[in-house]
Protein chains: 2
Amino acid sequence: MTEQGTGSSPTLLDVAREAGVSAATASRALNGSTRTVSAEKLALVLQAAERLGYAPNLSAQATARGSTKTVALIVHDIADPYFSSIAAGIVEGAEAAGLTVTMAVTGRSPDRELEIVSILRGHRPHAIVLAGSRIGDDQETLAGELRAYRTAGGRVAVVSQPGLPHGTVTIDNRAGAEALADALVAHGYRRFAILRGPDALHTSRDRADGFAAGLARAGIEALDAVEAEFTEDGGHAAMTGLLGRGSDDIELVFAVNDVMAIGAMRALRDAGLVPGRDLAVAGFDDVAAAVDVDPALTTVTVPTRAMGLRAIELALAGADEPELVWLPTSVVLRESTPRRG
Amino acid sequence: MTEQGTGSSPTLLDVAREAGVSAATASRALNGSTRTVSAEKLALVLQAAERLGYAPNLSAQATARGSTKTVALIVHDIADPYFSSIAAGIVEGAEAAGLTVTMAVTGRSPDRELEIVSILRGHRPHAIVLAGSRIGDDQETLAGELRAYRTAGGRVAVVSQPGLPHGTVTIDNRAGAEALADALVAHGYRRFAILRGPDALHTSRDRADGFAAGLARAGIEALDAVEAEFTEDGGHAAMTGLLGRGSDDIELVFAVNDVMAIGAMRALRDAGLVPGRDLAVAGFDDVAAAVDVDPALTTVTVPTRAMGLRAIELALAGADEPELVWLPTSVVLRESTPRRG
DNA sequence: GTGAAAGCGCTAACAG
DNA sequence: CTGTTAGCGCTTTCAC
């Protein structure tokens, strides 16, 4: 049986009393914007606060001030390295600005997401950051909720999900894939196949198209392209299909993301081939596993952390017209695509 | 229709006015503990709230009630899969209890951690969860801060870091390693070497000792044991050293964590050997990469998500005497340790 | 500079 | 059941 009510934290009034000043003075001393407190009383208050172990009640502060020092972050799945890395960037940026981060997870459910935005709105955060690309088409309710939040003075930023009328940070998937194609051609490769994801996903389409565009610049056309799930198994299946087709004159397979590429590598091994030697493989994302697989995977680095950081900056800047920021990617050549010839 | 807000959110009073009832009634309708509101007025209020896009001001609610609906989470690094997975469990548990999660990142700095606890305390969260094993010895100030928080009625839970006088969730590293040894012996292995981490880390010591204990039960003693960094490079170096020593009668190497094991596999390849065929390898943690490497790594699964979930339960239960929960692990046999003979 | 007093938005006794 | 009346802890005019 803990006595809950009795052992409550010291209040500003307690500190004021202890210091022999008024609540107003104590308030000003502890965080008054303009230091209109005499050095003497200031010291008194600070000491009293210290002695009592005072920590200002942020909720009360928020109600009185009408604004909070928090940022709300919404992600699909915090355990997913892609999102946790973005989250890391956001936390970094928020803390630099003296803000606390509140986090909620949607589990990729649009309904849950809507509910969360509604709850979070109740916290009256300084800003709301949405991370993760949506699939559902019914963004109308969400958009409405966000609009309400913004007209009430809130800021919104979105990561890697274009189409919402708010500041948005995303990567240039096209350009990244194009640069990768350039680098591979420079490495001596000429005969390519592409493993694409579902065409409904912008990400997949942009990467596949960008890669093709890069090849085209060198007068090359991909010999084959197969569509598959965005997963490791999808990559495995697609690669297996490709091999069965007897396209054995292909030199390199580009998968639109790393996990697919890793699945493809597994399929190669299953077929008795050695990835990198018998057939080169490249991916996109630079997930942690890319360096753990054998051979290490050539891929395109996505600056997830920087995206988070930039998003929070965008939100805090609070521009009126929704700004769209494209972050650059970079090609990382590894052993899965040895220099050729 | 409704008049456009002047830039701030509609308040409870706005809703009450719109519905033609008192603020008290509106409050009761919107979230009164006991539903003492007539169906008629209830509908009126709900409609008014809907129309105005009302979202209760949680800060005001908190000040009035004296308690919040939030849980504070402190992790070393949210981008680290180990922590992000724990975080996922915590978010899951918190949301199930209708609580919002506030997150802060220490970056493994004890000073920053202390500062964070202090700030977070200001939010008056329902509970504070600390994730991540501390290294520093000066836990006194931190302990004091937490004590103050608890005497003020707050709850504290700790994940994988024994030694603080609060509810703690951790895994049984010893038992896990022991079970792994059992399974490997059952697979026909008899000649082992152990790659341990720095002895100062409880985790490393417990795993190495547990593994040895498991072997001992079968009357087996490890042939060799080398100490190394807790990293992939550490595993690589240790394995290289082991090979150089000419202990070529060893059948299996157990590394106290997966990244070390993966490093060891790389070292084997560098020496022209094939992991799994020429020398079996096993790890501990079951990181995501464990299934991406070739051959897939035999390891011990750590229920990080469950740890988070359990921690939040522990915190919310708020037992008086600090409870210590040991979560079980499980052995996962994969291709890196094929059945022998 | 400093204190008294009036809120911030919401909840929680109290009467009716 | 419902409205009235006090607060919750803190900030912020407004006088002195």
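The chains referred to below are lettered A, B, ... by the order of the sequence lines, with proteins before strands, and numbering in each begins at 1.
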Quick check: does any side chain N or O of A:S59 sit under 3.5 Å from a backbone N or O of A:N57, one acting as donor and the other as acceptor? no
Phosphate OP1/OP2 of D:dT11 contacted by A:N31 side-chain N/O (<4.0 Å): yes
Under 4.0 Å from OP1 or OP2 of C:dG9: is there any side-chain N or O of B:T11 that close? no
Gap between atoms CG and C1', on B:L12 and C:dA12 respectively (whole Å): 13 Å
What pairs of nitrogen or oxygen atoms, one from the protein and one from nucleotides 6-8 of chain D, lie under 3.5 Å apart?
from	atom 1	to	atom 2	distance (Å)
D:dC8	O2	B:T63	O	3.3
D:dC8	O2	B:A64	N	3.0

Separation of C:dC8 atom C1' from A:L58 atom CG, nearest Å, is 15 Å
Within this structure, what is the CG-to-P distance between B:L30 and C:dG9, rounded to whole angstrom? 16 Å
So which protein nitrogen or oxygen atoms get under 3.5 Å of nucleotides 13-16 of chain D's nitrogens or oxygens?
none

Looking at D:dC1, I'd like to know if its phosphate oxygens (OP1 or OP2) sit under 4.0 Å from a side-chain N or O belonging to B:S38. no
A:L99 versus A:L316: any side-chain heavy-atom pair under 4.5 Å? yes
Any chance you could measure B:S67, atom OG, to B:Q61, atom CD, to the nearest 0.5 Å? 9.0 Å
Going by distance alone, is a donor N or O of one side chain under 3.5 Å from an acceptor N or O of the other, for A:T102 and B:T102? yes
Can a donor-acceptor pair be found, under 3.5 Å and without considering hydrogens, that links the side chain of A:S118 to the backbone of A:L114? no
Given D:dG3, is OP1 or OP2 found less than 4.0 Å from the side-chain N or O atoms of B:T25? yes
d(CG, A:L13; P, C:dA5) in whole Å: 14 Å
Is a side-chain donor or acceptor of B:T68 paired with a backbone partner of B:R124 at a separation under 3.5 angstrom? yes
Integer-rounded Å distance: D:dG9 C1' and A:D14 CG: 10 Å
Taking only side-chain nitrogens and oxygens of A:Q61, does any of them come within less than 4.0 Å of OP1 or OP2 of D:dT11? yes
Please examine the side chains of B:W326 and B:I171, heavy atoms only from C-beta on, and report whether any two atoms are closer than 4.5 Å. no
Drop me the distance from B:I116's CD1 to A:E95's CD, to the nearest 0.5 angstrom. 5.0 Å
If you pin A:A23 and B:A23 to their nearest nucleotides in DNA chain D, which one's is more 5'? B:A23
Write down the distance between CG (B:L52) and C1' (C:dG9), rounded to a whole number of angstrom. 15 Å
B:E40 CD to D:dC1 P, in whole Å, measures 12 Å
For a side-chain hydrogen bond (donor to acceptor under 3.5 Å, both in side chains) with B:T304, tell me which candidate from B:S160, B:S85, B:S84 qualifies. B:S85
Atom-to-atom span, CG of B:N57 to P of D:dG9 - whole angstrom: 17 Å
